[in-house]
Amino acid sequence: MRTSWADSVANSQSESGTTGSSNNNGSSHLPRSRYVPPHLRNRPPSSDPPAPSYSAPPPPGDRVGYGGPSAGPRWAGPSRPDYGRPGYSGGRTGSWNSRSGSWDRGREREVNPFGDDDGDAEDAFSGQENSGINFDAYEDIPVETSGDNVPPPVNTFAEIDLGEALNQNIRRCKYVKPTPVQRHAIPISLGGRDLMACAQTGSGKTAAFCFPIISGIMREQYVQRPRGARTVYPLALILSPTRELSCQIHEEARKFSYQTGVKVVVAYGGAPINQQLRELERGVDILVATPGRLVDLLERARVSLQMIRYLALDEADRMLDMGFEPQIRKIVEQMDMPPRGVRQTMLFSATFPKEIQRMASDFLANYIFLAVGRVGSSTDLIVQRVEFVLESDKRSHLMDLLHAQRENGIHGKQSLTLVFVETKKGADSLENWLCINGFPATTIHGDRTQQEREYALRSFKSGNTPILVATDVAARGLDIPHVAHVVNFDLPNDIDDYVHRIGRTGRAGKTGLATAFFNENNMSLARPLADLMQEANQEVPVWLTRYASRAYSGGGRNRRSGAGRFGGRDFRRDGSFNRGTDFYGGANSGGYGVPGGGYGPGVTSAWD
DNA sequence: AAAAAAT
């Protein structure tokens with residue numbers, strides 16, 4: 001039987017009579033037997049796994065491991081050299097480090113990230129959060145792996161020795177069983193292997209790279225980090241292309257690391273740097289950042305990458321599209337980060353153009369390639385409609401849609417609708433027009449201040465302004481739960497972008513609707529769109545088929561080399577890219593053309 | 001061409 005360190009803390013706290021009461025709302029003590037932990041409140045009585053044995057959880061604000069009495073041995077595991085990889089030997093017991101002692105100054109109460117104590121309107125949807133996941137949709141997802149000695153996937157979280165503290169947070173998140181990307185990626189990462197993967201954000205990708213990092217840091221033998229003047233030394237770095245995405249990863253990572261003692265800090269541009277510096281100074285294990293701000297911090301020598309054990313690059317192709325390659329190379333190769341093979345690296349990308357392949361071969365060592373199909377292959381979950389709408393009719397047409405939606409909605413409440421437009425100016429003007437016409441809308445684009453962007457996102461998520469007009473800043477990666485409808489008011493020029501946009505709905509196994517306004521300005525998209533819809537078993541209007549057959553072949557398609565079909569490819573198999581001894585051809589033959597997994601030639605990026 | 005990202 002496993003006795004984890006966290007268990008012993010929980011036991012010792014229950015023995016010492018700690019009452020598990022009090023959220024930050026100052027509610028008075030509840031009798032212990034009646035105590036319902038915040039994350040178990042407001043739930044439907046059935047369908048949940050048996051509640052964890054919870055006689056008296058530690059008070060939410062009190063960091064486990066911060067000098068608690070009889071907290072058990074801080075480290076009982078085998079010792080490793082400083083730069084040792086967190087090898088996975090399975091069945092280890094009692095080796096969980098609390099990270100205590102690292103951030104002595106941070107004795108303030110850790111804010112409960114699961115808060116039913118934040119009291120704002122985001123609660124409109126709480127209680128449904130994650131509980132409506134259609135797990136059947138996850139069953140038949142095609143998954144492909146290749147590489148040396150791929151660790152076998154797991155079927156339950158219980159099979160993975162992540163530690164009790166993390167397990168408790170998994171329960172608090174109401175994750176019942178791992179999603180496909182988690183089933184495969186977590187054992188790979190825990191096995192200390194580098195990973196190149198593609199999968200949707202909504203399918204649990206963030207957890208897939210956060211769990212191994214958090215658990216690895218907790219296992220880490222306590223190593224004194226250098227104490228530079230004002231320099232901090234994170235152990236893990238997560239890079240993502242947009243500020244919102246970084247925030248989102250940070251929020252999730254905070255939930256996963258609650259009461260583990262692992263500190264997560266986010267740094268991104270557009271926000272005052274001083275506050276971020278203060279956060280950093282209070283201690284950081286995992287740093288989530290956008291490239292620009294991180295480079296700034298590195299140049300100021302406020303952050304050192306010397307102690308980095310884990311590096312995760314999210315939406316790598318997106319970062320390259322946005323011209324971040326120089327910054328990323330600077331961060332990974334030209335600062336003080338340990339080289340590949342010493343640190344552990346995870347690279348997530350939707351497509352595999354040459355630049356990504358080069359990046360993979362430069363940043364990863366003997367990695368495992370993992371491709372996870374789209375949840376429900378997008379087919380079952382997103383209903384795609386395309387309508388011919390003249391430029392001049394778009395606004396009134398949108399209005400019709402919104403009216404119909406409002407009437408069909410429950411209690412006349414507008415369900416969340418995300419409207420994509422091409423330009424920042426167009427976004428502002430459409431938002432204004434919607435508001436004038438009685439539809440509360442807000443907008444998100446790169447000309448708005450970060451504060452405005454964050455406010456807009458919050459206001460949208462909470463349902464206060466159930467219509468969000470967005471440019472492509474919101475197209476990829478953002479996981480906004482409960483988006484019922486995505487409207488492509490202006491279609492993008494690239495079918496990949498279309499796929500990403502409609503992927504903002506139908507997430508986490510829920511169904512969604514995507515409507516596109518098509519007109520003569522979108523001719524180049526006719527064929528790829530018709531092909532895509534057909535392959536997704538959607539109804540293709542006859543007029544679109546006609547345009548498609550007329551359209552000059554190849555127009556508007558993504559012709560990036562290296563991209564193609566299900567999950568892209570592990571290019572190491574091509575033989576064309578072999579370089580040095582890290583590469584090997586043709587392990588694990590077969591696997592392409594997994595049934596139901598593809599969008600056909602030239603159409604990629606079903607992944608986030 | 002537009003969008004994004006450090007000040």
Side-chain angles (χ1 to χ4, degrees), chain A residues 237-250 265-277 279-280 287-303 305 313-332 334-335 349-351 355 391 418-431 443-454 456-457 468-478 488-501 504 520-525 555-556 558-559 605 608:
Chain A
L237 175 63
I238 299 170
L239 284 176
S240 89
T242 65
R243 299 162 181 174
E244 280 76 13
L245 197 49
S246 284
C247 287
Q248 183 182 297
I249 295 168
H250 174 240
V265 176
V266 66
Y268 53 87
I273 198 167
N274 283 334
Q275 201 182 327
Q276 292 173 6
L277 287 173
E279 278 301 315
L280 286 168
L287 177 59
V288 185
T290 49
R293 177 54 59 92
L294 178 60
V295 168
D296 190 8
L297 291 167
L298 291 169
E299 283 170 351
R300 294 175 189 225
R302 299 300 295 261
V303 171
L305 303 176
L313 298 143
D314 203 8
E315 309 271 345
D317 55 344
R318 183 71 170 162
M319 291 201 275
L320 294 196
D321 283 349
M322 290 166 64
F324 284 158
E325 181 158 10
Q327 282 113 308
I328 291 173
R329 290 204 174 263
K330 176 166 187 172
I331 291 164
V332 178
Q334 290 152 36
M335 304 303 290
S349 185
T351 57
E355 302 77 47
E391 219 46 57
L418 183 52
V419 182
F420 281 105
V421 296
E422 207 52 30
T423 65
K424 298 182 269 197
K425 219 176 119 200
D428 282 335
S429 118
L430 183 59
E431 177 221 8
T443 181
I444 185 166
H445 61 69
D447 272 357
R448 305 200 81 197
T449 67
Q450 193 53 30
Q451 214 177 7
E452 287 170 327
R453 282 162 57 160
E454 279 163 29
L457 205 51
L468 179 65
V469 184
T471 60
D472 263 333
V473 67
R476 297 196 187 202
L478 277 196
N488 273 289
F489 190 89
D490 299 319
L491 272 165
N493 294 316
D494 189 320
I495 192 69
D496 276 357
D497 292 331
Y498 172 82
V499 174
H500 278 292
R501 287 178 177 188
R504 296 314 99 200
E520 62 279 358
N521 296 327
N522 311 113
M523 285 310 167
S524 66
L525 205 64
N558 166 28
R559 274 159 290 169
S605 299
D608 284 356

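Chain identifiers are assigned alphabetically (A, B, ...) following the order of the sequence lines, protein sequences preceding nucleic acid strands; residue numbering begins at 1 within each chain. Please read all numbers here as calculations on a predicted model, not as lab measurements.
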Engineer: Looking at A:Lys424, does any N or O in its side chain come under 4.0 Å of the phosphate oxygens OP1/OP2 on B:dA4?
Structural biologist: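 So the side-chain polar atoms of A:Lys424 do come within 4.0 Å of the phosphate oxygens OP1 or OP2 of B:dA4, strictly under.
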Engineer: Measure CZ/A:Arg318 against P/B:dA4 and give the value in whole Å, please.
Structural biologist: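 Checked: the CZ to P distance equals 9 Å.
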Engineer: Ignoring the backbone of A:Met322, work out which of B:dA6, B:dA5, B:dA1 is nearest its side chain.
Structural biologist: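 Nearest nucleotide to the side chain: B:dA5.
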Engineer: Could you tell me whether A:Glu299 contacts a base, only the sugar-phosphate backbone, or nothing, with contacts defined as non-hydrogen atoms closer than 4.0 Å?
Structural biologist: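 Touches a base.
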Engineer: Closest to the A:Arg453 side chain: B:dA3, B:dT7, B:dA5?
Structural biologist: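 Per side-chain heavy atoms of A:Arg453, the pick is B:dA5.
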Engineer: Would you say A:Ser246's side chain and A:Val288's backbone share a donor-acceptor pair under 3.5 angstrom?
Structural biologist: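 Checking the backbone N and O of A:Val288 against the side chain of A:Ser246, no donor-acceptor pair under 3.5 Å is found.
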Engineer: Between C1' on B:dA1 and CG on A:Asp490, what's the gap in Å once rounded to a whole number?
Structural biologist: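 From A:Asp490 CG to B:dA1 C1': 13 Å.
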Engineer: In whole Å, what is the span from the CZ atom of A:Phe420 to the P atom of B:dA1?
Structural biologist: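 Atom-to-atom, A:Phe420 to B:dA1, this comes out as 23 Å.
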Engineer: What nucleic acid atoms does A:Gly270 come within less than 4.0 Å of, heavy atoms only: base, sugar-phosphate, or nothing?
Structural biologist: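 Result for A:Gly270 = sugar-phosphate.
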Engineer: Can you figure out which of B:dA5, B:dA3, B:dA1 approaches the side chain of A:Thr290 most closely?
Structural biologist: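 Looking only at side-chain atoms, A:Thr290 lies closest to B:dA5.
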Engineer: Report the distance from atom OH of A:Tyr268 to atom P of B:dA4, rounded to the nearest whole Å.
Structural biologist: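 Whole-Å distance recorded here is 16 Å.
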Engineer: Starting from P on B:dA5, measure out to CG on A:Leu297 and report it in whole angstrom.
Structural biologist: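 The answer, rounded to whole Å, is 16 Å.
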Engineer: Has the side chain of A:Arg293 got a donor or acceptor atom that lies under 3.5 Å from a matching backbone atom of A:Ala271?
Structural biologist: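 Such a contact is found between A:Arg293 side chain and A:Ala271 backbone.
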Engineer: Within the side chain of A:Arg448, is there an N or O that forms a donor-acceptor pair under 3.5 Å with the backbone of A:Thr443?
Structural biologist: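 It does hold such a pair.
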Engineer: Closest to the A:Asn493 side chain: B:dA1, B:dA4, B:dA6?
Structural biologist: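 For A:Asn493, the side-chain atoms sit closest to B:dA1.
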Engineer: With respect to the side chain of A:Thr423, which nucleotide from B:dA4, B:dA2, B:dA1 is positioned closest?
Structural biologist: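 For A:Thr423, the side-chain atoms sit closest to B:dA2.
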Engineer: Verify the contact: side-chain N or O of A:Arg243 to OP1 or OP2 of B:dA6, cut-off strictly under 4.0 Å; return yes or no.
Structural biologist: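 True: A:Arg243 side-chain N/O within range (under 4.0 Å) of B:dA6 OP1/OP2.
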Engineer: Starting at atom CG of A:Leu320, determine the distance to atom C1' of B:dA4, rounded to an integer number of angstrom.
Structural biologist: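 About 13 Å, once rounded to whole Å.
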Engineer: Answer yes if the side chains of A:Gln450 and A:Glu454 hold a donor-acceptor pair under 3.5 Å, and no otherwise.
Structural biologist: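 A:Glu454 and A:Gln450 do have a side-chain donor-acceptor pair below 3.5 Å.
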Engineer: Of the non-hydrogen atoms in A:Met319 and A:Pro241, which two are nearest, and what is the gap between them?
Structural biologist: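 Heavy-atom minimum between the residues: CG-CB, 3.5 Å.
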Engineer: What do you reckon, is CD of A:Gln334 surrounded by more than 12 foreign heavy atoms closer than 6.0 Å?
Structural biologist: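 Correct, the count exceeds 12.
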Engineer: Return the nearest nucleotide to the side chain of A:Asp296; candidates are B:dA6, B:dA4, B:dA5.
Structural biologist: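 For the A:Asp296 side chain, the nearest candidate turns out to be B:dA6.
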Engineer: Verify the contact: side-chain N or O of A:Arg293 to OP1 or OP2 of B:dA5, cut-off strictly under 4.0 Å; return yes or no.
Structural biologist: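 Checking B:dA5 against A:Arg293, no side-chain N or O comes under 4.0 Å of OP1 or OP2.
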Engineer: How close or far is atom P of B:dA5 from atom NE2 of A:His445, stated in whole angstroms?
Structural biologist: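 Answer to the nearest Å: 12 Å.
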Engineer: Give one of base, sugar-phosphate or nothing for A:Arg300, where a contact means two heavy atoms less than 4.0 Å apart.
Structural biologist: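 No contact at all - A:Arg300 keeps every heavy atom at 4.0 Å or more from the nucleic acid.
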Engineer: What is the distance, rounded to the nearest whole Å, between atom CD of A:Glu244 and atom C1' of B:dA3?
Structural biologist: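 Rounding to the nearest Å, CD of A:Glu244 and C1' of B:dA3 are 13 Å apart.
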Engineer: Does A:Thr471 have a side-chain nitrogen or oxygen under 4.0 Å from the phosphate oxygens OP1 or OP2 of B:dA4?
Structural biologist: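 For B:dA4, OP1/OP2 do have a side-chain N/O of A:Thr471 under 4.0 Å.
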